[in-house]
J.: 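Please find one structure pasted underneath; my questions will follow.
First the proteins, then the strands, lettered A, B, ... as listed; each starts at 1. Just so it is clear, the values below take in all heavy atoms, side chains as well, and ignore hydrogens, waters and symmetry mates. The structure presented is a predicted model; accordingly, all values stated were derived computationally and were not measured.
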Amino acid sequence: MAALATFLVPVLLLLLCGPDPCPAAAHSQPEVKCVLFNEEYMNCTWGSRETLKANYSLYYWYRNTSNKVECKHYRQDQDIRVGCHFNQNEIIQFQPFHVLLKASMGGSTLEISKRMELQDLVKPDAPVNLTIHNMSNNQLQLTWATTYPKAKCLEHAVKYKSNKDTDWMEISVNGDVFSLPSVDYKKFYTFYVRSKVNKYCGRTQLWSEWSVPVVWGSNSTSKSTVHWFWIHTVLIPIASCVILLVLVILLVRMERVWVILMPRIPNPSKNFDELFITHNGNFQEWAGVPKDVVESFKPNYSENICYVSELPPKDSYDPLWESSNPPPSVMPSASPAPGEHSPYKNSYGRV
Amino acid sequence: MFHAFFRSTLPVLPLLLVLSPVNSSSCAMENKTTEIHVKYENILIHDINELVNISAQNRDRCCKNKNDKNIKVFFCNDTQEIESLQSMACNMLRFFHKQRISKAFRWKAAFVSCGTLQVLKCKCEGHRKEKVICPHVNVFGKEDTETGEQSRKKCNQEVCELKENISSLRSCWNKFEKIISR
């Protein structure tokens, strides 16, 4: 069983790791990255103090493997080699550049190799001496210079905006002149330029840093912009609030105006003082309603019947009760017939 | 005796002419860098970029394991850029018939080789491959690279060599452009 285990472990390791030396369990392979700064010097780095588990040595060569040279100027981070610095005389472009990282760790040798084309790793310096020229027809012309040895191998990008714009405009330029037509003299412009090796001289994707900016436009425009900002955001709101406050105070103090704007709600209670004070709330009495009308609305009201008859004229008709015949008996009835006499002579009943 | 002298020395002269080293290049555009620059910038660079893209799509895992000594490397020698480009272009033509390389890839490589030789007005020494291949590629090259088979072959030695050749050709053109840009 033990013999089987000792046989299987190397086989497993060989299958997992392959013919190359197997790296340590928690070690990730570093990658060499080189940048050629303005074709003056080059820095190659392969990690940092935190990521590197071994102290690597770098070897490089161009044509023949037999001409391997070790790095002469290592860059260190607390006694750990993290990169290599190459002087200009150690750099050859347009030839395959080979690097080999070597380290010993735990009895095994770690090796990482990489092949590069240095002309594809060039990062030019930022353009310098940005100058603005006033041309005719409200046109601006921006020119600049470069410290890169082959200016014709560069392409450029110009970034600009005015003080009224929110976003930057970025334009690609092949030469070393940029024209901006129809500028506004009331605006304040800012320009930046950066460079890159063009596709004819290499395949680099590395742009330079943005240049030191150059500005154009009247300085007063910029100052007045600041003043306007304070006026708009501070002075006007405060003045508006003060004026509003004064108006409100005046409004309150001037009752005539106040009454027009805020008319009083009518209070009819004075009209009813007599009702409540003099007549003690007796509405009928205050309104002058006759007493009998008031009485008639009471639920237990009963009214005596009052018979009313009309005396006939003397010439035409003698009343029956003036003859010998006794007067007819008078039967009380709710509604006496017209013409019949009532117990009250010559009187009209009140109904 | 006089006759014997001339008979013995006469063949020496042609022999000297044949054996003398020929230093002159077989390219006719040696001093016409402006014309080369215009043709490269306007035409050839686009085909080179397409070829580089096709090359990147082809599998190259086996190329890293192969011994570099087996792959012939061309260098872009200083002051001999045109001759170096000529060597690279002529060498690239020999991959045109390699069946282990995908058809689109080798046709595009031949197209770029022929374009390079045309721009530099160079001829290939020896078997003069360009006389046989270039007329055919220039007529049918575009069609076959666009509509030809897109199947990718397995990684092999010839693919590795062709990729190396293409990389060297592109770099040498970059170097030449950089030198003539003044």
J.: Could you grab the distance from atom NZ of Lys152(A) to atom NE2 of His37(B), nearest 0.5 Å is fine?
T.: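 Between atom NZ of Lys152(A) and atom NE2 of His37(B) there are 8.0 Å.
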J.: With a 6.0 Å cut-off (strictly less than), is the heavy-atom count around NZ of Lys123(B), excluding the residue itself, greater than 12?
T.: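 Counting neighbours around NZ of Lys123(B), 12 or fewer heavy atoms of other residues, nucleotides or ligands fall under 6.0 Å, so no.
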J.: Under 6.0 Å from the CZ atom of Arg115(A), do we count more than 12 heavy atoms belonging to anything else shown?
T.: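 Above 12, so yes.
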J.: Strictly below 4.0 Å, N to O, side chains only: are Lys175(B) and Glu117(A) in salt-bridge contact?
T.: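 Glu117(A) and Lys175(B): not salt-bridged.
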J.: CZ of Phe94(A) to SG of Cys76(B): how many Å apart, nearest 0.5 Å?
T.: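 Going from CZ on Phe94(A) over to SG on Cys76(B), the span is 8.0 Å.
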J.: Can you tell me if CG on Asn42(B) sees more than 12 non-hydrogen neighbours from other groups inside 6.0 Å?
T.: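 More than 12 within 6.0 Å, yes.
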J.: Would you indicate whether Asn137(A), at its atom CG, is surrounded by more than 12 heavy atoms from other residues, nucleotides or ligands within a distance under 6.0 Å?
T.: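 No, not enclosed.
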J.: With a 4.5 Å heavy-atom cut-off (strictly below), which parts of residues 194-206 of chain A touch chain B? List them by number.
T.: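 Only Lys199(A), Tyr200(A), Cys201(A), Gly202(A), Arg203(A) of residues 194-206 of chain A have a heavy atom under 4.5 Å from chain B.
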J.: What do you reckon, is CD of Glu209(A) surrounded by more than 12 foreign heavy atoms closer than 6.0 Å?
T.: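 Not buried by this count: 12 neighbours or fewer within 6.0 Å.
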J.: Do Gln119(A) and Lys178(B) have side chains that approach each other closer than 4.5 Å (heavy atoms only, starting at C-beta)?
T.: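 With C-beta onward as the side chain, the pair stays apart.
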J.: Go through the structure and list residues passing side-chain hydrogen bond (donor to acceptor under 3.5 Å, both in side chains) with Glu155(A), not counting sequence neighbours.
T.: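 Partners of Glu155(A) by the side-chain hydrogen bond (donor to acceptor under 3.5 Å, both in side chains) criterion come out as none, since no residue qualifies.
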J.: With a 4.5 angstrom heavy-atom cut-off, is it the side chain or the backbone of Phe176(B) that approaches chain A, or both, or neither?
T.: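 Neither part; nothing is under 4.5 Å.
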J.: If you take all heavy atoms of Phe75(B) and Pro96(A), which pair is closest and at what distance?
T.: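 Answer, listing the atom of Phe75(B) first, then Pro96(A): CE2-CD, 4.4 Å.
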J.: Taking it one step at a time, do Cys153(A) and Glu177(B) satisfy side chain to side chain contact (heavy atoms under 4.5 Å, CB included)?
T.: CA-CA 8 Å; Cys153(A) 273; Glu177(B) 278 290 304; 5.9 Å; no
